[in-house]
Amino acid sequence: MRFFKDLSLSAFTAGFVAVLVGFTSSVAIVFQAALALGATPAMVASWMWALGIGMGLCSLVPSLWLRKPVMVAWSTPGAAVLATAATAGGFGMAEGVGAFILCAVLITLAGATGWFERVMNRIPLALASALLAGVLARFGLSGFAAAQTALPLVVLMLLTYLLGKRLVPRYAVPLTLLVAIVFVAARAEFTGPEIQFGLTMPVWVTPTFSLAAFISMSLPLFVVTMASQNLPGVAAIQSAGYADRRQEGGDAGIPISKVITLTGLVTLVLAPFGAFALNLSAITAAICMGPEAHSNPARRYTAAASCGAIYIVIGLFGAAITGVLTAFPKELVAAIAGLALLGTIGGALAAALKDETHREAALITFLVTLSGVVIAGVGSAFWGVVAGGVALLVQHYGRKPAVT
């Protein structure tokens, strides 16, 4: 099978790091959303089953089929919206599932009609790259900020990474992760509850539909998923060079509308079991689409496929795997994420600032996105693009190109 011929240690490690970062950085928010809707322990485990299976299949199958790194994740800001709305409105799990289903319908329509991709295609590459750099830079900053509470670990990881980039650049990230795990294990710094392995059993919840739940949960969940998750997700695809390049003589790339449609349909099927919203990934996608995953872009799909396979295992074993992943110290997770994203951050910034006519607008996009500002419940990724677009409009609308 071609997949095993193309698979490398660096690609598999990138997939594992993507899971580690994506899971541990936001699983607590997902738990909070589930509990706010009145979930029992069995329902919480079912959420992990549905989300793990959904993310895994949506990443694994398209990546193998297209031989492109397709990365899908749960909507972290969507989980935060659900936790807040459920607490404020007193909604239960049945109304929550009804809201998930209606949101899934909206996501499916956004993909099937192609309107979201058409909007994204009108955003200049400089702004898309600046958007991605702003999203990823927060993780880069967090990686080095971890030195405040774990200085020896972060310094060791940084030195290992730098030596690895010089001596064995293809394996710099796997080597750094291995050294960090050994260091933490030697100091007995892994923490977590007692782990009991066993298959997770999905729990069906019959949905209840209400106008209040649609307004309070479905619409906000849809808006933040598209604006704060799918928007930077498409930017990651564009910056990594996997967008549709047929008009420029290239290949078809990743079919964005079809993938978004897929995430909507899978969410629709798995919603009764706890899948609240699936979407294109940005952070974990950057890890699997970057040069650290593989020097050959045509073989980076194996990193995304590996990530998808691990997500499926997480779904099947639910709480047990969650316990293993959350045992990693948060400083280790932050540092490995920051180091793994350095190349992508640098490349995105270079692309954003390359064109002098777009440089200032791109810089505005980068800074607004990096700020983390939330306005009307919508995250900084959306407002970064808005600010950059306004800057371009003010600076260039109606101007004639300079004659050289």
Side-chain angles (χ1 to χ4, degrees), residues 19 22-58 72-105 107 192-210 212-214 216-222 224-225 229 263-279 310-327:
V19 172
F23 210 83
T24 59
S25 64
S26 58
V27 69
I29 301 175
V30 176
F31 286 168
Q32 184 180 3
L35 294 174
L37 288 167
T40 63
M43 288 179 179
V44 173
S46 180
W47 277 43
M48 291 299 102
W49 178 88
L51 291 168
I53 296 296
M55 293 187 297
L57 291 177
C58 287
V72 171
W74 62 47
S75 176
T76 301
V81 166
L82 288 175
T84 302
T87 301
F91 298 110
M93 186 61 70
E95 287 179 300
V97 169
F100 304 165
I101 291 174
L102 294 177
C103 176
V105 171
I107 293 174
E194 183 179 349
I195 299 170
Q196 297 180 348
F197 284 92
L199 288 173
T200 300
M201 297 303 295
V203 177
W204 170 277
V205 176
T206 301
T208 298
F209 300 95
S210 70
F214 176 74
S216 299
M217 288 192 287
S218 298
L219 285 179
L221 180 59
F222 170 72
V224 299
T225 298
Q229 295 288 115
T263 62
L265 291 174
V266 173
T267 301
L268 187 63
V269 172
L270 295 175
F273 303 103
F276 55 92
L278 301 176
N279 48 252
I310 296 172
Y311 272 137
I312 292 174
V313 173
I314 289 175
L316 293 176
F317 291 95
I321 303 299
T322 301
V324 172
L325 293 179
T326 54

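Please read all numbers here as calculations on a predicted model, not as lab measurements. Position 1 is the first residue of the sequence; numbering continues from there.
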Legend entry - Atom of Leu221, atom of Val224 and distance for their closest heavy-atom approach: O-CG2, 3.5 Å
Inset, instruction - Find the distance between CG (Leu199) and CH2 (Trp49) and round it off to the nearest 0.5 Å. - result: 11.5 Å
Inset, instruction - Quick one: closest heavy-atom pair of Ala277 and Thr225, and the distance? - result: CB-OG1, 3.9 Å
Legend entry - Spacing of CG belonging to Leu270 relative to CD1 belonging to Ile53, to within rounding of 0.5 Å: 8.0 Å
Legend entry - For Val81 against Pro220, the heavy-atom pair lying closest together: CG1-CB, 3.6 Å
Legend entry - Over all atoms of both residues, closest heavy-atom pair of Leu102 and Phe214: CD1-CD1, 3.5 Å
Legend entry - Partners meeting side chain to side chain contact (heavy atoms under 4.5 Å, CB included) with Leu268 (sequence neighbours left out): Ile101, Ala104, Val105
Inset, instruction - Return yes if some donor-acceptor pair links the side-chain N/O of Ser218 with the main-chain N/O of Ala99 below 3.5 Å, else return no. - result: yes
Inset, instruction - Output all residues satisfying side chain to side chain contact (heavy atoms under 4.5 Å, CB included) with Gln229, sequence neighbours left out; order by chain, then residue number. - result: Ser75, Pro77, Asn279
Let me have the donor-acceptor pairs involving side chains of residues 33-48, under 3.5 Å, with sequence neighbours excluded, atom names and distances please.
unit_1, atom_1, unit_2, atom_2, d
Thr40, OG1, Met43, N, 3.2
Ser46, OG, Val203, N, 2.9
Ser46, OG, Phe273, O, 2.8

Inset, instruction - Would you check if Trp74 and Thr76 make a side-chain contact, meaning some heavy-atom pair closer than 4.5 Å? - result: yes
Inset, instruction - Look up atom CZ in Phe276 and atom CG in Leu51, then write down how far apart they are to the nearest 0.5 Å. - result: 5.5 Å
Legend entry - With sequence neighbours excluded, residues passing side chain to side chain contact (heavy atoms under 4.5 Å, CB included) with Pro272: Val97, Trp204
Legend entry - Residue pair Glu95 / Ala213: nearest heavy atoms and the distance that separates them: O-CB, 4.1 Å
Legend entry - Straight-line distance of Leu278 CG to Ile107 CD1, nearest 0.5 Å: 7.5 Å
